[in-house]
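Side-chain atoms are counted along with the backbone in the values below, which use heavy atoms only and exclude waters and symmetry mates. Residue numbers begin at 1 in each chain, while the letters A, B, ... track the order of the sequences.
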Amino acid sequence: MSDGSSFYITTPIFYVNDVPHIGHAYTEVAVDVLARWHRQRGDDTWLLTGTDEHGQKILRTATANGVSPKEWADRLVETAWKPLLETVNIANDDFIRTTDERHERNAQKFLQHLYDAGHIYTGEYEGYYCVGCEEYKQTTDLVDGTGEYAGQPVCAIHSKPVELLHEKNYFFRMSAFADELLALYEANPNFIQPESARNEVISFVKSGLSDLSISRSSFDWGIKVPWDETHVVYVWFDALLNYITAIGYGEDEDTFNSRWPATHVVGKDILRFHAVIWPAMLLAASVPVPKQIFGHGWLLVGGEKMSKSKLTGIAPSQITDTFGSDAFRYYFMRAISFGQDGSFSWEDLSARYQSELANGFGNLASRVIAMVVRYCDGVIPTAGPLSERDAAIHATELRATDAAGEAIDRLAIHEALTAVWELVDELNGYLTLEEPWSLAKDPAKRERLETVLATAVRGLGTLAVLLSPVVPLATAKLWTALGGTGVVTDQRIDQASEWTGSGRVAPLEALFPRIEATVEAAAAVPAAPAVTAVPVTEPHNA
RNA sequence: GGGGCGGUAGCUCAGCUGGUUAGAGCAGCGGACUCAUAAUCCGUCGGUCCCGGGUUCAAGUCCCGGUCGCCCUACCA
């Protein structure tokens, strides 16, 4: 687990037409925390994210805005999606766009490969098409018409007649892989996690797989099907391939082999694409399947799934403008069991910011450093003989380090934080019991004072190392204040308590300053939309 | 219609294969302390474990029924 092995992790790629909300940021942060953790463990880590830019919807909005689809995508990537990564401080190693040449070229290679191997056939798709919806409807989406349309099926949404259309399509023989997939799920219980996600996928596949239409000819904004340029590749088929085209599939075997297979973290709404279609595609192409697919839960606002249409969508910057990116990252990682749905509320966010970050961790850093400055002129003292309590702190450092690392291996980010926070709480309690401010008044207790402060400083440095993946800005400041060697992100997280430094501390500003008046403003104003349905500002597309 | 998940203190949630007085954090209340971001530490209040049956020496924990919420999936006419 710390042998420099490869760790390749991905986020889903953003559909550029969406408006960034905290759900997108949540996924990014989770993946980023895992990636940072692995980097600090010495693993050869690679974090990929990017954008999904093809498809009819994008073509349509681009046209409506009077620009080409590529121009439209360029604009959204630059104004919305790359800024989102900045907003929540994502340290990605690559950013792939499905319009990148490297992607298009190698996605075509992949497709041609499947075609040559006989996994693709020509079929005909017949279905009812609703012009209003601009999509094929299932018969269950249709209702009997009334009035002038009596007797014919109409779209349940538009109440207008649908057209029966035939379209030639290329189909991927996905049905042939059902047994192989089930065997895969069976043989590797961790392939799909958490358990609830795994069960759902298994029961879905057991109920039978149908073949997948993978091309469209009614519009042309997509990757051309290599043997038939009148067709473009179905957007999901195209999008999934980003995970391999980004690391050299088709043209750089060495790089590809050194990174693949990946850990895919996705929202549970797109789990099936990743846990069924994607592995089937890879099996067909004789490419190893992913290491793991993890489906996380949804963010609930006011008890409902957060959504733009319900006006509960929240822009990440609404949170980070007030609380900062560290608090955003910490809050969502700590408050929500990764894998389950989680409730978001401004009240909970500001409560946790105050009690856990400001009063718990931030204040601990302040008081320890202040005492070293005050009682030892900023020189970190050397510990003398250790008391039972001192030893207990050291034991907790080791226990937290191990427990957190083990939790990260299970992608239980929230548990990792819980484990680390035991050290925060114990250190605060330790100081209260040892009362270094009292020891300082008695010269005869000098050695004891120094031992206590040395122990506290050591614990604080351990926290800086352990929390660096989650709150990188605060821990960098803390690291500097502690006189830590090099940068904190280079410190081995699996040996967090073995950190070294110059032996001097520097003054430290409050890591998480209290947010007094602004808390009320933040809690009151942005919370309003969920209750009173005030529209959330959407800065980009109409 | 089938299938799955969930309904535990004011809030957010733990409670594995059933076993002593049902737990945590936050909020509330009381106290201690002063190094620190009026922060920290200690104590304390607080629950018909959705409802009704059943199995058992014993059920939040298993079974049946009901109810509410969510998710997946499928429709007969």
Item to complete: May I have the distance from Lys268(A) (atom NZ) to G4(B) (atom P), rounded to whole angstrom?
Response: 16 Å
Worksheet item: Is NZ or CZ of Arg198(A) both nearer than 6.0 Å to the six-membered ring centre of Tyr185(A) and within 45° of the ring axis?
Response: no
Fill in: Residue pair Gln354(A) / Asn359(A), side-chain heavy-atom distance below 4.5 Å
yes
Item to complete: Have a look at Gly362(A) and say if it touches a base, only the backbone sugar-phosphate, or nothing, with a 4.0 Å heavy-atom cut-off.
Response: base
Worksheet item: Which nucleotide, in any strand shown, forms a Watson-Crick or G-U wobble pair with C33(B), with both distances under 3.5 Å?
Response: none
Item to complete: Would you indicate which nucleotide in U37(B), U40(B), U12(B) comes nearest to any side-chain atom of Arg514(A)?
Response: U37(B)
Worksheet item: When we call it a touch if two heavy atoms are under 4.0 Å apart, what does Trp421(A) touch: a base, just sugar-phosphate, or nothing?
Response: nothing
Worksheet item: Counting any heavy atom closer than 4.0 Å, what does Gln340(A) reach on the DNA or RNA strands: base, sugar-phosphate only, or nothing?
Response: sugar-phosphate
Please write out each protein N/O paired with an N/O of nucleotides 25-33 of chain B under 3.5 Å, distance rounded to 0.1 Å.
none

Worksheet item: With a 4.0 Å cut-off on heavy atoms, is Leu511(A) in touch with a base, just the backbone sugar-phosphate, or nothing at all?
Response: base
Worksheet item: Does the side chain of Ser196(A) get closer than 4.0 angstrom to OP1 or OP2 of C71(B) through an N or O atom?
Response: no
Response to the item:
Looking only at U40(B), C71(B), U73(B), the nucleotide nearest the Trp298(A) side chain is C71(B)
Worksheet item: Using atom C1' of each nucleotide, how far apart are C45(B) and C50(B) to the nearest Å?
Response: 25 Å
Discussion item. Among U37(B), C71(B), U73(B), which nucleotide has an atom closest to any side-chain atom of Ala510(A)?
Written reply: U37(B)
Worksheet entry | Nearest-angstrom distance from the residue atom NE2 of His296(A) to P of C5(B) | 21 Å
Discussion item. Checking base pairs now: Watson-Crick or wobble, both atom distances under 3.5 Å. What partners G60(B)?
Written reply: none
Worksheet item: Under the side-chain hydrogen bond (donor to acceptor under 3.5 Å, both in side chains) criterion, do Thr455(A) and Arg458(A) qualify, and how do the steps go?
Response: CA-CA 5 Å; Thr455(A) 300; Arg458(A) 171 137 307 279; over 6 Å; no
Discussion item. Counting only Watson-Crick pairs (N1-N3 plus N6-O4 or O6-N4) and G-U wobbles (N1-O2, O6-N3), all under 3.5 Å, who is the partner of G23(B)?
Written reply: C13(B)
Item to complete: Counting Watson-Crick and G-U wobble pairs only, both distances under 3.5 Å, name the nucleotide matched with C76(B), or none.
Response: none
Worksheet item: CD1 of Ile336(A) versus P of C13(B): gap in Å, rounded?
Response: 9 Å
Practice prompt. Before accepting this row, confirm whether a basic side-chain N of the pair Lys268(A)/Asp341(A) lies closer than 4.0 Å to the acidic partner's carboxylate O.
Written response: yes
Practice prompt. Return the value, rounded to whole Å, for the distance between atom CE of Met333(A) and atom P of U12(B).
Written response: 20 Å
Discussion item. Checking contacts here: which listed nucleotide (U73(B), C13(B), U37(B)) is nearest the side-chain heavy atoms of Asn363(A)?
Written reply: U37(B)
Discussion item. Just the rounded figure in Å: distance from C1' of C71(B) to CG of Asp341(A).
Written reply: 9 Å
Worksheet item: Taking the same atom, C1', in G18(B) and in G60(B), what whole-Å distance lies between them?
Response: 10 Å
Practice prompt. To the nearest Å, give me how far apart CZ (Phe332(A)) and C1' (U12(B)) are.
Written response: 14 Å
Item to complete: Give Ser203(A) one of three labels, base, sugar-phosphate or nothing, depending on what nucleic acid heavy atoms sit under 4.0 Å from its own.
Response: nothing
Item to complete: Look at the aromatic rings of Phe344(A) and Tyr331(A) and report parallel, tilted or perpendicular, splitting at 30° and 60°.
Response: perpendicular
Worksheet entry | Pair assignment for G65(B), Watson-Crick or G-U wobble, requiring both distances under 3.5 Å | C51(B)
Worksheet item: Ala358(A) side chain: which of A14(B), U37(B), C72(B) is closest?
Response: U37(B)
Worksheet item: Does a donor on one side chain sit under 3.5 Å from an acceptor on the other, for His21(A) and Tyr26(A)?
Response: no
Response to the item:
Note: contacts of residues 370-384 of chain A with RNA chain B (heavy atom, under 4.0 Å) are Ala370(A), Met371(A), Arg374(A), Tyr375(A)
Worksheet entry | Qualifying salt bridge (charged side-chain N to carboxylate O under 4.0 Å, His left out) pairs, either residue in residues 357-381 of chain A, two or more places apart | none
Practice prompt. Please check if any side-chain donor atom of Tyr234(A) sits under 3.5 Å from a side-chain acceptor atom of Asn169(A), or the reverse.
Written response: no
